[in-house]
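Read the numbers this way: they start at 1 and go in the same order the structure lists the ligands and their atoms.
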Amino acid sequence: MELQAQPIRGRFAPTPSGWIHLGNARTALLSWLHVRSLGGTYILRMEDIDMTRARSQLAQGIMEDLRWIGLEWDEGPDVGGPYGPYTQSQRLERFQSALEILQEQDLLYPCFCSRADIVAAAHAPHGLSGEGPAYSGACRNLSSQDVVAKAQHKLPSLRFKVPQNPDAVISFHDQVAGHVTFGAAEGGDFIVKRADGMFSYQLAVVVDDADMYMTDVLRGYDLLDSTPRQLLLYQALGLQSPRFAHVPLVLGPDGRRLAKRHGGVALRAMRRQGITPEAVIGWLAYFSGLLDSPEPVKAVDLIDDFHLDKLPKEPVILTKQCLMRLSALQR
Ligand code: GLU
């Protein structure tokens, strides 16, 4: 079915590697408001595939914190739904099937490079963010004898072959960032299965968003440059890609992404200090351009006036004064 004709479905997909803080709570709020304002179905999915980082008690805590600020979901790990399971670690066979579809098309190859090899061979200092430097393609043309010989000493990761034509571009319309274009080969061939056997975020997120019929993916701007990779996977797997909206990040006064180091930003800590969920939502809405001042408000009361056009186009910097006012609330 054409994307336009599909019922609206959107999600928040946290990785349970830390408590919810103001930065990711804001992404959750905006994705929730977007879906609710369009009368769609909202889904919570736990992206706990990276078992070294994910922890199950954190997943539980994330759900408590989201409910505390008034966000609820129609489908999710605890409430179920027609396209579950909604916890990535329970969906490994789905990722394996997708991997096989890619393998059948000869779109994957084993890579024996270590992280150090990749950094040393990088053409450019940085590839697409979060994924390290662009991969040079060193293992792309190994002979089958080389593969057999190398495999005796080391387990390979599996990489996806991105189009090598230097002029190939991937363009898409982002509902917040506007028209976006990346060079297809910019980030190099990327990993879909790691040497330790774990599927990569890129593969898992595409399979899950498609399996769960997502029409609208709203997430942080830091994932904008993962999108071309995901679009290549959607295409190779013959799947319908969703609409994307990448919202500018919330930064601390030092210009770095809001995190624990900025102090007092975990929802859990705020709740313990007696701050109300309405106060938290008021602040999140204020620094998302939805309110003129950080007045306490319920999430549900923001639905009617919500529109993606209201969101800032630049990162939001929480000033020291802002953080001080927030911490004063907690006393
Ligand atoms: N699990 C990812 C994260 O917590 C988000 C993935 C996505 O929204 O595509 O950063």
Side-chain angles (χ1 to χ4, degrees), residues 9-35 42-56 58-63 65-66 71 73 75-77 85-91 94-95 98 128-132 172 174-177 180 187 190-192 194 198-234 239 241-251 256-260 265-267 308 311:
R9 292 173 60 83
R11 46 58 161 197
F12 180 53
T15 299
S17 57
W19 298 115
I20 290 268
H21 57 70
L22 288 178
N24 43 30
R26 176 204 181 234
T27 309
L29 172 68
L30 297 180
S31 63
W32 184 85
L33 286 172
H34 183 48
V35 169
Y42 192 65
I43 293 107
L44 179 73
R45 183 175 68 234
M46 277 302 154
E47 299 210 323
D48 64 342
I49 195 169
D50 189 347
M51 305 305 259
T52 52
R53 288 196 303 143
R55 301 189 187 84
S56 67
L58 278 168
Q60 204 52 44
I62 287 172
M63 292 196 277
D65 290 350
L66 291 172
L71 308 186
W73 42 96
E75 298 169 26
Y86 294 88
T87 298
Q88 261 183 352
S89 56
Q90 294 167 20
R91 304 178 52 78
R94 291 292 307 126
F95 310 141
L128 299 179
S129 69
E131 300 269 330
F172 59 97
D174 187 277
Q175 297 192 93
V176 174
V180 185
F190 58 89
I191 292 180
V192 289
R194 300 191 325 213
M198 189 42 68
F199 299 95
S200 74
Y201 156 68
Q202 308 291 4
L203 182 74
V205 78
V206 165
V207 171
D208 284 353
D209 281 339
D211 272 3
M212 296 174 188
Y213 294 95
M214 296 303 172
T215 58
D216 289 79
V217 166
L218 183 151
R219 58 190 178 192
Y221 196 82
D222 53 327
L223 291 168
L224 182 75
D225 60 9
S226 278
T227 308
R229 293 176 165 183
Q230 293 170 18
L231 289 170
L232 287 172
L233 289 175
Y234 277 107
L239 299 170
S241 56
R243 285 176 288 263
F244 290 99
H246 289 89
V247 298
L249 299 181
V250 182
L251 309 177
R256 290 165 71 194
R257 196 174 163 174
L258 195 65
K260 241 187 262 165
V265 291
L267 258 49
L308 288 178
L311 302 183

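- To the nearest 0.5 Å, the span separating CZ on R11 from CE on M214 amounts to 6.5 Å.
- Under a 4.0 Å criterion applied to the non-hydrogen atoms of E47, ligand 1 contributes the atoms 1 (N), 2 (C), 5 (C), 6 (C).
- Protein heavy atom at the shortest distance from atom 3 (C) of ligand 1 is T15 OG1, 3.6 Å.
- The residue from R229, E47, Q230 that alone fulfils the side-chain hydrogen bond (donor to acceptor under 3.5 Å, both in side chains) condition with Y201 is Q230.
- Those atoms of ligand 1 with a heavy atom of V205 less than 4.0 angstrom away are 9 (O).
- When only non-hydrogen protein atoms are considered, atom 8 (O) of ligand 1 lies nearest to R11 NH1, 2.6 Å.
- Where the criterion is an N or O separation shorter than 3.5 Å, residue side chain and backbone included, A13 meets it with respect to ligand 1.
- D65 contributes no side-chain N or O that, together with a main-chain N or O of I62, makes up a donor-acceptor pair within less than 3.5 Å.
- Heavy atoms from other residues, nucleotides or ligands lying under 6.0 Å from OH of Y213 number 12 at most.
- Less than 4.0 angstrom separates some heavy atom of Y201 from each of these atoms of ligand 1: 6 (C), 7 (C), 9 (O).
- The distance from atom CG of L33 to atom CG of L71, rounded to the nearest 0.5 Å, is 7.5 Å.
- The shortest side-chain heavy-atom distance between R9 and E75 falls under the 4.5 Å cut-off.
- With a heavy-atom cut-off of 4.0 Å, L223 touches ligand 1 through its side chain alone.
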